[in-house]
Amino acid sequence: MVNKIRVRMADLKVGRDDGIIITSGLGSCVGLTLYDSNSKVGGMAHIMLPEFPVGKKNAKLAKYADTAIETLIKKLRDKGANTKNLEAKMAGGAQMFNFSNIDNRIRIGDRNIEATKEILKSLKIPLINSEVGKNYGRTMELHLNSGDVLIKTVKYDDIVI
Amino acid sequence: MIGDIDDKLAKIGPIQLDALKEVASIGAGNAATSLSEILDKKIRMKVPQVNVLPIHQVPEIMGGAEDLIVAVLVRTKGDIGGGVLFTLDTQSANQLLELLIGEKIDIEKKMGEIEESALKEIANILTGSNLNSFSQILDISIMPDVPALAYDMAGAILQVAFMELGHIGDYALVIETEVLGDVAEEISGQFFLIPDSESLEFMLDGLGVSING
(Lines give C-alpha, C1' and ligand atoms only; values in the text may rest on other atoms or scores of the structure.)
Protein backbone atom coordinates (compact mmCIF):
# COMPACT_ATOMS: atom_id res chain seq x y z
CA MET A 1 0.00 0.00 0.00
CA VAL A 2 1.23 3.42 -0.94
CA ASN A 3 1.21 5.79 1.98
CA LYS A 4 -1.19 8.64 1.21
CA ILE A 5 -1.04 11.87 3.14
CA ARG A 6 -4.11 14.11 2.71
CA VAL A 7 -3.93 17.88 2.87
CA ARG A 8 -7.19 19.66 3.60
CA MET A 9 -8.04 23.21 2.73
CA ALA A 10 -5.89 25.72 4.67
CA ASP A 11 -3.47 23.01 5.74
CA LEU A 12 0.00 21.74 4.85
CA LYS A 13 1.88 18.46 5.13
CA VAL A 14 5.42 17.19 4.53
CA GLY A 15 6.83 13.74 3.80
CA ARG A 16 9.95 11.89 2.77
CA ASP A 17 11.19 9.09 0.47
CA ASP A 18 7.95 7.52 -0.61
CA GLY A 19 4.24 7.96 -0.47
CA ILE A 20 1.98 10.55 -2.00
CA ILE A 21 0.82 13.87 -0.63
CA ILE A 22 -2.65 14.70 -2.00
CA THR A 23 -5.04 17.59 -1.96
CA SER A 24 -8.46 17.26 -3.59
CA GLY A 25 -10.77 19.74 -5.20
CA LEU A 26 -8.65 22.85 -5.60
CA GLY A 27 -10.89 25.64 -6.87
CA SER A 28 -9.65 29.19 -6.38
CA CYS A 29 -7.22 27.84 -3.80
CA VAL A 30 -3.62 27.22 -4.82
CA GLY A 31 -1.84 23.93 -4.20
CA LEU A 32 1.90 24.47 -3.84
CA THR A 33 4.54 21.77 -3.61
CA LEU A 34 8.15 22.25 -2.57
CA TYR A 35 10.57 19.39 -3.18
CA ASP A 36 14.24 18.67 -2.59
CA SER A 37 15.25 15.94 -5.02
CA ASN A 38 18.47 15.05 -3.17
CA SER A 39 16.89 14.22 0.14
CA LYS A 40 13.50 13.31 -1.40
CA VAL A 41 11.81 15.52 1.16
CA GLY A 42 8.73 17.33 -0.07
CA GLY A 43 5.64 19.08 1.13
CA MET A 44 2.39 20.59 -0.01
CA ALA A 45 0.26 23.53 1.09
CA HIS A 46 -3.41 24.15 0.22
CA ILE A 47 -3.49 27.95 0.21
CA MET A 48 -6.82 29.80 0.44
CA LEU A 49 -5.87 33.47 0.45
CA PRO A 50 -2.90 35.62 -0.58
CA GLU A 51 -1.97 37.38 2.64
CA PHE A 52 -2.02 36.87 6.38
CA PRO A 53 -4.45 39.49 7.73
CA VAL A 54 -2.80 42.21 9.76
CA GLY A 55 -3.79 42.10 13.40
CA LYS A 56 -5.60 38.80 13.23
CA LYS A 57 -4.97 36.54 16.21
CA ASN A 58 -4.95 32.77 16.17
CA ALA A 59 -5.22 32.64 12.38
CA LYS A 60 -4.18 29.46 10.63
CA LEU A 61 -0.75 29.96 9.13
CA ALA A 62 -1.34 27.41 6.36
CA LYS A 63 -4.31 29.35 5.04
CA TYR A 64 -2.37 32.32 3.62
CA ALA A 65 0.28 32.23 0.90
CA ASP A 66 2.91 34.19 2.83
CA THR A 67 2.68 32.34 6.13
CA ALA A 68 1.98 28.97 4.52
CA ILE A 69 5.18 29.08 2.45
CA GLU A 70 7.25 30.20 5.43
CA THR A 71 5.82 27.39 7.59
CA LEU A 72 6.21 24.80 4.86
CA ILE A 73 9.90 25.66 4.41
CA LYS A 74 10.48 25.37 8.15
CA LYS A 75 8.83 21.95 8.28
CA LEU A 76 10.78 20.74 5.24
CA ARG A 77 14.04 21.83 6.87
CA ASP A 78 13.06 19.93 10.04
CA LYS A 79 12.37 16.88 7.91
CA GLY A 80 15.85 17.03 6.43
CA ALA A 81 15.51 19.07 3.26
CA ASN A 82 18.25 21.39 2.11
CA THR A 83 16.24 24.54 1.51
CA LYS A 84 18.69 25.65 -1.22
CA ASN A 85 17.56 22.67 -3.32
CA LEU A 86 13.85 23.34 -3.06
CA GLU A 87 11.89 23.51 -6.28
CA ALA A 88 8.26 24.60 -6.49
CA LYS A 89 5.27 23.45 -8.50
CA MET A 90 1.85 25.01 -8.35
CA ALA A 91 -1.73 24.18 -9.36
CA GLY A 92 -5.19 25.66 -8.88
CA GLY A 93 -6.28 29.28 -8.70
CA ALA A 94 -9.25 28.69 -10.99
CA GLN A 95 -12.26 30.87 -11.60
CA MET A 96 -15.00 28.24 -11.29
CA PHE A 97 -18.01 30.43 -11.95
CA ASN A 98 -18.14 32.83 -14.83
CA PHE A 99 -20.27 35.79 -13.90
CA SER A 100 -20.36 37.51 -17.24
CA ASN A 101 -21.96 40.72 -16.01
CA ILE A 102 -19.93 41.21 -12.88
CA ASP A 103 -16.82 43.34 -12.65
CA ASN A 104 -13.57 41.56 -11.93
CA ARG A 105 -13.59 42.83 -8.38
CA ILE A 106 -12.28 39.80 -6.59
CA ARG A 107 -10.63 37.09 -8.59
CA ILE A 108 -9.36 35.24 -5.59
CA GLY A 109 -7.73 32.57 -7.78
CA ASP A 110 -5.60 35.07 -9.70
CA ARG A 111 -4.59 36.83 -6.51
CA ASN A 112 -3.52 33.56 -4.93
CA ILE A 113 -1.41 32.69 -7.98
CA GLU A 114 0.25 36.11 -8.08
CA ALA A 115 0.97 36.17 -4.35
CA THR A 116 2.49 32.69 -4.43
CA LYS A 117 4.71 33.56 -7.41
CA GLU A 118 5.90 36.78 -5.77
CA ILE A 119 6.80 35.07 -2.51
CA LEU A 120 8.68 32.25 -4.28
CA LYS A 121 10.58 34.84 -6.28
CA SER A 122 11.55 36.80 -3.19
CA LEU A 123 12.78 33.58 -1.55
CA LYS A 124 14.65 32.61 -4.75
CA ILE A 125 12.82 29.30 -4.99
CA PRO A 126 12.45 28.33 -8.66
CA LEU A 127 8.91 27.66 -9.83
CA ILE A 128 9.63 24.89 -12.29
CA ASN A 129 6.12 24.11 -13.45
CA SER A 130 2.53 25.11 -12.90
CA GLU A 131 -0.99 24.36 -14.07
CA VAL A 132 -3.07 27.26 -12.91
CA GLY A 133 -6.01 29.53 -13.67
CA LYS A 134 -8.77 28.68 -16.15
CA ASN A 135 -12.15 27.46 -14.94
CA TYR A 136 -11.88 23.93 -13.62
CA GLY A 137 -11.20 22.17 -10.33
CA ARG A 138 -8.03 20.15 -9.77
CA THR A 139 -6.67 17.45 -7.53
CA MET A 140 -2.93 17.55 -6.95
CA GLU A 141 -0.63 14.67 -5.96
CA LEU A 142 3.04 14.96 -5.06
CA HIS A 143 4.91 11.68 -5.50
CA LEU A 144 7.71 11.81 -2.98
CA ASN A 145 10.03 9.28 -4.64
CA SER A 146 10.26 11.29 -7.87
CA GLY A 147 8.99 14.78 -7.13
CA ASP A 148 6.47 14.33 -9.92
CA VAL A 149 3.22 16.17 -9.49
CA LEU A 150 0.10 14.64 -10.97
CA ILE A 151 -2.85 16.88 -11.77
CA LYS A 152 -6.28 15.30 -12.08
CA THR A 153 -9.40 17.02 -13.33
CA VAL A 154 -12.86 15.76 -14.20
CA LYS A 155 -12.80 17.21 -17.71
CA TYR A 156 -9.33 16.51 -19.03
CA ASP A 157 -6.73 13.76 -18.96
CA ASP A 158 -4.33 13.55 -16.04
CA ILE A 159 -1.10 15.42 -16.54
CA VAL A 160 2.28 15.26 -14.84
CA ILE A 161 4.09 18.50 -14.16
CA MET B 1 -13.22 42.96 6.75
CA ILE B 2 -11.26 39.78 7.22
CA GLY B 3 -11.86 38.15 10.56
CA ASP B 4 -15.16 39.94 10.89
CA ILE B 5 -17.25 36.99 9.95
CA ASP B 6 -15.54 34.72 12.48
CA ASP B 7 -16.36 37.15 15.27
CA LYS B 8 -20.00 37.10 14.20
CA LEU B 9 -20.18 33.35 13.79
CA ALA B 10 -18.66 32.90 17.24
CA LYS B 11 -21.70 34.69 18.69
CA ILE B 12 -24.18 32.43 16.96
CA GLY B 13 -25.85 30.03 19.36
CA PRO B 14 -28.76 27.59 19.29
CA ILE B 15 -31.32 30.42 19.29
CA GLN B 16 -29.88 31.98 16.14
CA LEU B 17 -29.47 28.62 14.43
CA ASP B 18 -33.11 27.77 15.19
CA ALA B 19 -34.36 31.09 13.85
CA LEU B 20 -32.39 30.62 10.63
CA LYS B 21 -33.68 27.08 10.32
CA GLU B 22 -37.23 28.33 10.71
CA VAL B 23 -37.01 30.86 7.84
CA ALA B 24 -35.03 28.46 5.70
CA SER B 25 -37.79 25.87 6.18
CA ILE B 26 -40.48 28.26 5.03
CA GLY B 27 -38.33 29.23 2.07
CA ALA B 28 -37.71 25.58 1.21
CA GLY B 29 -41.43 24.88 1.34
CA ASN B 30 -42.11 27.69 -1.09
CA ALA B 31 -39.34 26.54 -3.37
CA ALA B 32 -40.63 22.96 -3.36
CA THR B 33 -44.08 24.18 -4.34
CA SER B 34 -42.83 26.26 -7.27
CA LEU B 35 -40.61 23.51 -8.54
CA SER B 36 -43.40 20.92 -8.25
CA GLU B 37 -45.65 23.18 -10.32
CA ILE B 38 -43.13 23.68 -13.09
CA LEU B 39 -42.16 20.04 -13.35
CA ASP B 40 -45.62 18.72 -12.60
CA LYS B 41 -43.94 16.29 -10.23
CA LYS B 42 -43.91 16.08 -6.51
CA ILE B 43 -40.76 17.71 -5.14
CA ARG B 44 -39.99 17.65 -1.45
CA MET B 45 -37.50 19.58 0.64
CA LYS B 46 -36.08 18.13 3.81
CA VAL B 47 -35.81 20.20 6.96
CA PRO B 48 -32.81 22.49 6.46
CA GLN B 49 -29.62 21.84 8.35
CA VAL B 50 -28.01 24.94 9.80
CA ASN B 51 -24.47 24.65 11.11
CA VAL B 52 -21.38 26.68 11.75
CA LEU B 53 -18.52 24.58 10.40
CA PRO B 54 -14.75 24.99 10.22
CA ILE B 55 -13.99 26.31 6.73
CA HIS B 56 -11.84 23.28 5.86
CA GLN B 57 -14.93 21.07 6.11
CA VAL B 58 -16.80 23.08 3.48
CA PRO B 59 -15.40 21.20 0.44
CA GLU B 60 -16.57 17.94 2.02
CA ILE B 61 -20.12 18.94 3.00
CA MET B 62 -21.58 16.85 0.22
CA GLY B 63 -19.26 13.89 0.56
CA GLY B 64 -16.40 13.34 -1.86
CA ALA B 65 -14.52 16.49 -2.81
CA GLU B 66 -13.80 14.98 -6.23
CA ASP B 67 -17.38 13.96 -7.05
CA LEU B 68 -18.69 15.51 -10.23
CA ILE B 69 -21.62 17.87 -9.62
CA VAL B 70 -23.61 20.52 -11.42
CA ALA B 71 -23.86 23.76 -9.50
CA VAL B 72 -25.61 27.03 -10.15
CA LEU B 73 -24.58 30.00 -8.07
CA VAL B 74 -27.05 32.87 -7.89
CA ARG B 75 -25.80 36.02 -6.26
CA THR B 76 -28.30 38.20 -4.45
CA LYS B 77 -28.57 41.95 -4.27
CA GLY B 78 -30.68 44.29 -2.19
CA ASP B 79 -30.95 44.13 1.57
CA ILE B 80 -29.35 40.70 1.70
CA GLY B 81 -26.09 40.22 -0.13
CA GLY B 82 -24.56 36.83 -0.64
CA GLY B 83 -26.02 34.10 -2.72
CA VAL B 84 -27.64 30.78 -3.21
CA LEU B 85 -25.99 27.63 -4.49
CA PHE B 86 -28.03 24.83 -6.03
CA THR B 87 -26.28 21.52 -6.69
CA LEU B 88 -27.21 18.25 -8.38
CA ASP B 89 -25.38 15.08 -9.27
CA THR B 90 -25.19 14.19 -12.96
CA GLN B 91 -28.06 11.74 -12.90
CA SER B 92 -30.39 14.12 -11.08
CA ALA B 93 -29.53 16.92 -13.48
CA ASN B 94 -30.30 14.64 -16.44
CA GLN B 95 -33.63 13.66 -14.88
CA LEU B 96 -34.60 17.23 -14.16
CA LEU B 97 -33.68 18.33 -17.66
CA GLU B 98 -35.62 15.47 -19.18
CA LEU B 99 -38.71 16.58 -17.27
CA LEU B 100 -38.24 20.15 -18.42
CA ILE B 101 -37.18 19.68 -22.01
CA GLY B 102 -38.97 16.43 -22.76
CA GLU B 103 -36.12 14.52 -24.34
CA LYS B 104 -33.35 12.24 -23.15
CA ILE B 105 -30.42 14.28 -21.88
CA ASP B 106 -26.87 13.29 -20.95
CA ILE B 107 -24.93 16.29 -19.72
CA GLU B 108 -21.80 14.22 -19.33
CA LYS B 109 -21.75 13.92 -23.12
CA LYS B 110 -23.02 17.38 -23.87
CA MET B 111 -23.68 20.38 -21.67
CA GLY B 112 -25.02 22.77 -24.28
CA GLU B 113 -26.67 26.14 -24.10
CA ILE B 114 -30.16 24.67 -23.70
CA GLU B 115 -29.09 22.45 -20.81
CA GLU B 116 -27.24 25.29 -19.14
CA SER B 117 -30.04 27.76 -19.39
CA ALA B 118 -32.64 25.25 -18.20
CA LEU B 119 -30.57 24.46 -15.12
CA LYS B 120 -30.01 28.15 -14.46
CA GLU B 121 -33.72 28.73 -14.79
CA ILE B 122 -34.49 26.11 -12.16
CA ALA B 123 -31.92 27.65 -9.85
CA ASN B 124 -33.52 31.05 -10.43
CA ILE B 125 -36.94 29.74 -9.55
CA LEU B 126 -35.70 27.99 -6.43
CA THR B 127 -33.80 31.09 -5.39
CA GLY B 128 -36.70 33.42 -6.11
CA SER B 129 -39.28 31.44 -4.18
CA ASN B 130 -36.88 30.88 -1.33
CA LEU B 131 -35.97 34.53 -1.08
CA ASN B 132 -39.59 35.62 -1.34
CA SER B 133 -40.29 34.08 2.01
CA PHE B 134 -37.29 35.85 3.49
CA SER B 135 -38.49 39.14 2.00
CA GLN B 136 -41.94 38.69 3.47
CA ILE B 137 -40.86 37.57 6.92
CA LEU B 138 -38.20 40.22 7.26
CA ASP B 139 -39.99 42.88 5.22
CA ILE B 140 -36.98 43.53 3.07
CA SER B 141 -36.08 43.39 -0.58
CA ILE B 142 -33.78 40.71 -1.97
CA MET B 143 -33.11 40.42 -5.68
CA PRO B 144 -31.49 37.48 -7.44
CA ASP B 145 -28.73 38.44 -9.84
CA VAL B 146 -27.69 36.61 -13.01
CA PRO B 147 -26.77 32.97 -12.25
CA ALA B 148 -23.52 31.21 -13.16
CA LEU B 149 -23.07 27.51 -13.76
CA ALA B 150 -20.23 25.07 -13.13
CA TYR B 151 -20.04 21.33 -13.79
CA ASP B 152 -17.01 20.13 -11.89
CA MET B 153 -15.53 18.73 -8.65
CA ALA B 154 -17.80 19.20 -5.64
CA GLY B 155 -14.98 20.31 -3.38
CA ALA B 156 -13.74 22.99 -5.73
CA ILE B 157 -17.25 24.31 -6.35
CA LEU B 158 -18.24 24.49 -2.70
CA GLN B 159 -14.98 26.10 -1.69
CA VAL B 160 -15.27 28.77 -4.36
CA ALA B 161 -18.98 29.45 -3.77
CA PHE B 162 -18.44 30.15 -0.10
CA MET B 163 -15.31 32.17 -0.67
CA GLU B 164 -16.75 34.24 -3.51
CA LEU B 165 -19.55 35.23 -1.18
CA GLY B 166 -17.16 36.41 1.47
CA HIS B 167 -16.81 33.38 3.68
CA ILE B 168 -13.07 33.73 4.02
CA GLY B 169 -12.86 33.29 7.77
CA ASP B 170 -11.97 30.14 9.66
CA TYR B 171 -15.63 29.21 9.96
CA ALA B 172 -18.62 29.23 7.64
CA LEU B 173 -22.34 29.29 8.24
CA VAL B 174 -23.88 26.48 6.22
CA ILE B 175 -27.64 26.52 5.62
CA GLU B 176 -28.30 23.38 3.62
CA THR B 177 -31.57 21.94 2.36
CA GLU B 178 -31.95 18.65 0.59
CA VAL B 179 -34.21 18.64 -2.47
CA LEU B 180 -35.88 15.33 -3.34
CA GLY B 181 -38.07 14.28 -6.21
CA ASP B 182 -40.49 11.35 -6.34
CA VAL B 183 -38.66 8.17 -5.45
CA ALA B 184 -38.98 6.81 -8.96
CA GLU B 185 -37.57 9.96 -10.52
CA GLU B 186 -34.44 9.81 -8.43
CA ILE B 187 -33.82 13.50 -8.32
CA SER B 188 -31.77 14.68 -5.42
CA GLY B 189 -30.05 17.97 -4.97
CA GLN B 190 -28.88 20.41 -2.34
CA PHE B 191 -29.70 24.00 -1.84
CA PHE B 192 -27.39 26.29 0.13
CA LEU B 193 -28.23 29.75 1.42
CA ILE B 194 -25.07 31.76 1.81
CA PRO B 195 -25.60 35.22 3.30
CA ASP B 196 -22.53 37.42 3.44
CA SER B 197 -21.20 38.72 6.73
CA GLU B 198 -23.22 41.97 6.83
CA SER B 199 -26.42 40.31 5.72
CA LEU B 200 -26.14 37.66 8.37
CA GLU B 201 -26.19 40.29 11.07
CA PHE B 202 -29.06 42.07 9.38
CA MET B 203 -31.07 38.86 9.04
CA LEU B 204 -30.59 37.91 12.67
CA ASP B 205 -31.63 41.41 13.76
CA GLY B 206 -34.74 41.13 11.61
CA LEU B 207 -35.58 37.76 13.10
CA GLY B 208 -35.32 39.22 16.59
CA VAL B 209 -32.29 37.18 17.56
CA SER B 210 -29.58 39.81 17.27
CA ILE B 211 -26.01 38.82 18.05
CA ASN B 212 -25.22 42.33 19.25
CA GLY B 213 -26.32 42.29 22.86
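From a predicted model like this one, the values you see are computed outputs, not experimental measurements.
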- Decide if atom CD1 of B:Ile114 counts as having more than 12 heavy atoms of other residues, nucleotides or ligands within a radius under 6.0 Å. no
- Query: Do A:Phe97 and B:Val72 come close enough that some side-chain heavy atom pair is under 4.5 Å?
  - Reply: no
- Query: Does any heavy atom of chain A fall under 4.5 Å from the side chain of B:Ala71, the backbone, both, or neither of them?
  - Reply: both
- Query: Around A:Tyr136, counting heavy atoms of other residues, nucleotides and ligands shown, do more than 12 lie under 6.0 Å from its OH?
  - Reply: yes
- Query: For B:Leu158, is it the side chain, the backbone, both, or neither that has a heavy atom closer than 4.5 Å to a heavy atom of chain A?
  - Reply: neither
- Do other residues, nucleotides or ligands put more than 12 heavy atoms under 6.0 Å from the CD atom of B:Glu198? no
- Query: For A:Asn135, is it the side chain, the backbone, both or neither that has a heavy atom under 4.5 Å from a heavy atom of chain B?
  - Reply: backbone
- Could you check if a side-chain atom of A:Met96 sits within less than 4.5 angstrom of a side-chain atom of B:Glu164, using non-hydrogen atoms only? no
- Query: Around B:Lys21, counting heavy atoms of other residues, nucleotides and ligands shown, do more than 12 lie under 6.0 Å from its NZ?
  - Reply: no
- Note on the structure: Okay, B:Leu149 and chain A: the region with an atom under 4.5 Å from a heavy atom over there is backbone
- Using a cut-off of 6.0 Å, state whether more than 12 heavy atoms not belonging to A:Lys121 lie near its atom NZ. no
- Message: Using a 6.0 Å cut-off, check whether atom CG of A:Asp158 has over 12 heavy atoms from anything other than its own residue.
- Response: yes
- Decide if atom CG of A:Asp78 counts as having more than 12 heavy atoms of other residues, nucleotides or ligands within a radius under 6.0 Å. yes
- Message: Ignoring hydrogens, what is the shortest heavy-atom contact between A:Gly25 and B:Gln159? Give both atom names and the distance.
- Response: O-OE1, 4.1 Å
- Message: Check B:Glu60 with A:Arg8, please: is the shortest side-chain N to carboxylate O separation under 4.0 Å?
- Response: yes
- Message: Is there a side-chain contact between B:His56 and A:Lys60 in this structure, where contact means two heavy atoms from C-beta onward sitting under 4.5 Å apart?
- Response: yes
- Item | Pairs of heavy atoms under 4.5 Å with chain A: top-ranked of B:Ala150, B:Ala154, B:Gly155 | B:Ala150
- Message: When you compare the side chain of B:Glu66 with that of A:Val154, does any pair of heavy atoms fall below 4.5 Å?
- Response: no
- What pair of heavy atoms forms the shortest contact from A:Ser24 to B:Ala65, and how long is it? CB-CB, 4.0 Å
- Message: Return the CG to NZ distance between B:Asp152 and A:Lys155, rounded to the nearest 0.5 Å.
- Response: 4.5 Å
- Item | Segment of A:Lys63 engaging chain B (4.5 angstrom heavy-atom cut-off) | side chain
- Message: Once rounded to the nearest 0.5 Å, what's the spacing between atom CE of B:Met153 and atom CG of A:Leu26?
- Response: 8.0 Å
- Task: Assess whether atom CD1 of B:Ile15 is packed by more than 12 heavy atoms of other residues, nucleotides or ligands within 6.0 Å.
- Result: no
